[in-house]
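For clarity, every value in this text was computed on a predicted model and none was experimentally measured. Both backbone and side-chain heavy atoms feed into the values below; hydrogens, waters and symmetry mates do not.
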Amino acid sequence: QVHLTESGGGLVQTGGSLSLSCAASIGRAGSYGMAWFRQAPGEEREFVAAITWSGCTTYYAPFARGRFTISRDNDMKMAFLQMYELNPEDTAVYYCAAQDGGATLNGDDYEYWGQGTQVTVSS
C-alpha cells in the first residue's frame with residue numbers, strides 16, 4: 001500500500017513560482033513511477049508531469065515543458081514539482097500519483113493518489 005501526501009500549494013501572483021512536494025509512505029518494496037496531475041474547477045483532470053523510478057526519464061505536458069520540473073528523492077520517498085512563470089491558467093488542485101512500474105501519462109494507470117494541494121495564481 002502507498003499513501004501520498006502533497007504539500008506546498010498556495011496563492012501566488014502571475015509570474016511567480018511554487019514548489020510542490022509529495023511524501024510517499026510505501027508499505028512494500030517496489031519500483032514506483034510517480035506523476036503530477038491537476039484539475040481545475042469544472043475541468044477534467046489533466047496530466048502535468050511524470051518521472052520513472054530511477055529519475056532518469058521524465059515526461060511533461062506541453063504546457064509544463066520549460067516551466068515545470070519534476071524530480072524525486074527515493075531515499076526520502078518524495079517527489080517534487082517545481083513550477084515557474086505561473087499564470088492564472090495554472091490554477092488547479094494538484095495531485096501526486098504513483099504506480100508500481102513505469103511512469104505513464106494516463107491517470108488511469110496510477111493506483112495511488114494523494115488528496116491534492118490547491119494552487120491559485122492571481123492575475
Testing the basics here: between Glu111 and Asp100, what is the closest heavy-atom pair and its distance to 0.1 Å?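 That would be OE2-N, 2.8 Å.
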Between Ala49 and Leu81, which heavy-atom pair has the shortest distance, and what is it?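 Looking at all heavy atoms of both residues, the closest pair is CB-CD1, 4.3 Å.
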Suppose we screen for ring pair (Phe, Tyr, Trp, His ring centres under 6.0 Å). Which residues come up paired with Tyr110, at least two apart in sequence or across chains?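 Result, ring pair (Phe, Tyr, Trp, His ring centres under 6.0 Å) vs Tyr110: Phe37.
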Taking only residues two or more places apart in sequence, or in another chain, which ones meet Tyr60 in a ring pair (Phe, Tyr, Trp, His ring centres under 6.0 Å)?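 With sequence neighbours excluded, Tyr60 shows a ring pair (Phe, Tyr, Trp, His ring centres under 6.0 Å) to no residue whatsoever.
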Can you tell me which residue pairs pass the salt bridge (Lys or Arg N to Asp or Glu O under 4.0 Å) test with a partner in [range], sequence neighbours excluded?
| range | answer |
| --- | --- |
| residues 4-13 | none |
| residues 60-77 | Arg67-Asp90 |
| residues 101-110 | Arg45-Asp108 |

How is the hydrophobic cluster of Phe80 composed, in terms of its other members, when Ile, Leu, Val, Met, Phe, Trp and Tyr link through side-chain heavy atoms under 4.5 Å apart, directly or indirectly?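 Other cluster members: Met76, Met78.
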How would you list all residue pairs meeting disulfide bond (SG atoms under 2.5 Å apart) that involve residues 37-75, not counting sequence neighbours?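 Qualifying pairs: none.
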Qualifying disulfide bond (SG atoms under 2.5 Å apart) pairs, either residue in residues 62-100, two or more places apart: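 Pairs touching residues 62-100 that pass the test: Cys22-Cys96.
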Apply side-chain contact (heavy atoms from CB on, under 4.5 Å) to Val12 and list each qualifying residue two or more places apart in sequence or on a separate chain.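 Per chain and number, Val12 pairs via side-chain contact (heavy atoms from CB on, under 4.5 Å) with Leu18, Leu86, Val121.
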Partner residues of Ser17 under the side-chain contact (heavy atoms from CB on, under 4.5 Å) criterion, sequence neighbours left out: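 Expected list: Gln82, Tyr84.
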Please step through side chain to side chain contact (heavy atoms under 4.5 Å, CB included) for the pair Val48 and Phe63, ending with a clear verdict. CA-CA 8 Å; Val48 177; Phe63 67 80; 4.0 Å; yes
Is the shortest heavy-atom distance from the side chain of Val2 to the side chain of Ser25 under 4.5 Å?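 No. Closest side-chain heavy atoms not under 4.5 Å.
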Quick one: does Leu4's side chain get under 4.5 Å of Met34's, heavy atoms only?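 Leu4 reaches Met34 side chain to side chain.
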Please determine whether side chain to side chain contact (heavy atoms under 4.5 Å, CB included) holds for the pair Phe47 and Trp36, giving the CA-CA distance in whole Å, both sets of side-chain angles, and the decisive distance to 0.1 Å. CA-CA 7 Å; Phe47 170 77; Trp36 290 91; over 6 Å; no
Please enumerate all residues that pass salt bridge (charged side-chain N to carboxylate O under 4.0 Å, His left out) together with Glu46, with sequence neighbours excluded.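 Testing Glu46 for salt bridge (charged side-chain N to carboxylate O under 4.0 Å, His left out), a comparison that skips the adjacent residues, returns Arg38.
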Are Met83 and Ile51 connected in a single hydrophobic cluster, I mean Ile/Leu/Val/Met/Phe/Trp/Tyr linked by side-chain heavy atoms less than 4.5 Å apart?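 Ile51 and Met83: one cluster.
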State yes or no: do Leu105 and Trp53 share one hydrophobic cluster built from I, L, V, M, F, W and Y residues joined by side-chain heavy-atom distances below 4.5 Å, directly or via other members?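 In one cluster: no.
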Backbone N/O of Ala103 and side chain of Gln99: donor-acceptor pair under 3.5 Å: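 Not a single qualifying donor-acceptor pair exists.
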Does anything in residues 113-123 form a side-chain hydrogen bond (donor to acceptor under 3.5 Å, both in side chains)? List the pairs, not counting sequence neighbours.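 Sorted result for residues 113-123: Gln118-Thr120.
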Report the distance from atom CZ of Phe68 to atom CG of Leu20, rounding to the nearest 0.5 Å.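 Taking CZ in Phe68 and CG in Leu20, the distance rounds to 8.5 Å.
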